[in-house]
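Read the structure below first, then the notes.
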Amino acid sequence: QLQLMESGGGLVQPGGSLTLSCTVSGFTGDDYAIGWFRQAPGKEREAVSCINADDGRTYYADSMKGRLTISRDSAKKTVYLQMNSLRPEDTAVYYCAARRGALATVWWMHDYWGQGTQVTVSS
């Protein structure tokens with residue numbers, strides 16, 4: 001079973017930047033797509049950004065398009081999510097998730113989840 005651990009969350013002022021990391025360990029015999037999801041209080045879990053394991057194809061949520069860069073470092077088994085120009089509405093718990101095969105933006109299609117990291121955007 002895969003284990004995913006997020007890091008890099010914290011408090012940032014509006015307009016600031018933050019980079020989240022998702023480190024994958026455990027079984028890696030199959031290819032897994034990695035997705036970043038977020039959930040704010042009273043809100044549904046939503047996809048933020050995803051990346052394929054094979055071709056590197058990416059997805060960015062419309063609400064954050066242009067402010068995100070997702071990348072993968074295979075040697076470190078880590079996926080990064082660079083977030084810029086952060087807004088208060090970006091405040092949420094951000095989760096890293098993995099699924100077999102191609103990327104998907106639906107949260108329940110993912111089999112493995114990290115514990116989440118809190119991102120708070122506030123002045």
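Model, not experiment: these values are computed from the prediction.
- In this structure a side-chain-to-backbone donor-acceptor pair under 3.5 Å is present from Asp73 to Ala75.
- Residues Ala92 and Ala40 come closest through the heavy atom pair CB-N, 3.9 Å.
- No continuous path of hydrophobic side-chain contacts links Leu18 to Leu11 [ILVMFWY only; heavy atoms under 4.5 Å].
- Every ring-ring contact (aromatic ring centres under 6.0 Å, His included) that Tyr112 has, sequence neighbours left out, goes to Tyr32.
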Test side chain to side chain contact (heavy atoms under 4.5 Å, CB included) on Leu20 and Glu6; report intermediate values, then the result.
CA-CA 7 Å; Leu20 306 181; Glu6 306 95 336; over 6 Å; no

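- With hydrogens and angles ignored, the 3.5 Å screen pairs no side-chain donor or acceptor of Asp31 with any backbone N or O of Gly101.
- Proximity of Cys96 to Ile34: side-chain heavy atoms (C-beta onward) are separated by under 4.5 Å at one or more points.
- Arg45 contributes atom CZ, which lies 10.5 Å from atom NE2 of His110 (distance to the nearest 0.5 angstrom).
- Here the shortest heavy-atom pairing between Trp36 and Cys22 reads CZ2-CB, 3.5 Å.
- Looking only at distances, no side-chain donor or acceptor of Gln82 sits under 3.5 Å from a matching main-chain atom of Thr69.
- Residues Thr120 and Val12 form no side-chain contact, since every pair of their non-hydrogen atoms from C-beta on lies 4.5 Å or further apart.
- Between the OG atom of Ser21 and the CE atom of Met5 there is a distance of 11.5 Å, given to the nearest 0.5 Å.
- Proximity of Glu46 to Arg38: side-chain heavy atoms (C-beta onward) are separated by under 4.5 Å at one or more points.
- Applying the ring pair (Phe, Tyr, Trp, His ring centres under 6.0 Å) definition to pairs two or more places apart or across chains, none involves residues 64-104.
- Annotation for Ser123 and Pro14: closest pair N-CD, 3.6 Å, computed over non-hydrogen atoms.
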Given the rule in the side chain to side chain contact (heavy atoms under 4.5 Å, CB included) test, do Ser7 and Thr23 qualify, once you have shown the distances and angles that lead to the verdict?
CA-CA 8 Å; Ser7 62; Thr23 300; 5.7 Å; no

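- Checked by atom type and distance alone, the side chain of Thr117 pairs as donor or acceptor with a backbone atom of Gly9 at under 3.5 Å.
- Under a hydrophobic-cluster definition in which Ile, Leu, Val, Met, Phe, Trp and Tyr are linked whenever side-chain heavy atoms come within less than 4.5 Å, directly or via other members, Val119 and Leu4 are assigned to the same cluster.
- Taken from OG in Ser49 to CG in Leu81, the straight-line distance is 5.5 Å, to the nearest 0.5 Å.
- Surrounding CD of Gln115 are at most 12 heavy atoms belonging to other residues, nucleotides or ligands under 6.0 Å away.
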Would you tabulate the side-chain donor-acceptor contacts of residues 56-68 under 3.5 Å, counting partners in other chains and residues two or more places apart, or write 'none'?
{"unit_1": "Tyr60", "atom_1": "OH", "unit_2": "Ile70", "atom_2": "N", "d": "3.0"}
{"unit_1": "Asp62", "atom_1": "OD1", "unit_2": "Lys65", "atom_2": "NZ", "d": "3.0"}
{"unit_1": "Arg67", "atom_1": "NH1", "unit_2": "Ser85", "atom_2": "O", "d": "3.0"}
{"unit_1": "Arg67", "atom_1": "NH1", "unit_2": "Asp90", "atom_2": "OD2", "d": "2.8"}
{"unit_1": "Arg67", "atom_1": "NH2", "unit_2": "Ser63", "atom_2": "O", "d": "3.1"}
{"unit_1": "Arg67", "atom_1": "NH2", "unit_2": "Asp90", "atom_2": "OD1", "d": "3.3"}

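- Pairing each heavy atom of Arg72 with each of Asp54, the nearest pair is NH1-N, 4.2 Å.
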Verify side chain to side chain contact (heavy atoms under 4.5 Å, CB included) between Ile51 and Val79, making sure each step is shown before the conclusion.
CA-CA 9 Å; Ile51 186 168; Val79 174; 4.2 Å; yes

Does the side chain to side chain contact (heavy atoms under 4.5 Å, CB included) test come out yes or no for Gln1 and Asp111, once each step is laid out?
CA-CA 10 Å; Gln1 188 176 58; Asp111 303 306; over 6 Å; no

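- Here the closest non-hydrogen pair linking Cys50 and Gly35 is SG-CA, 3.8 Å.
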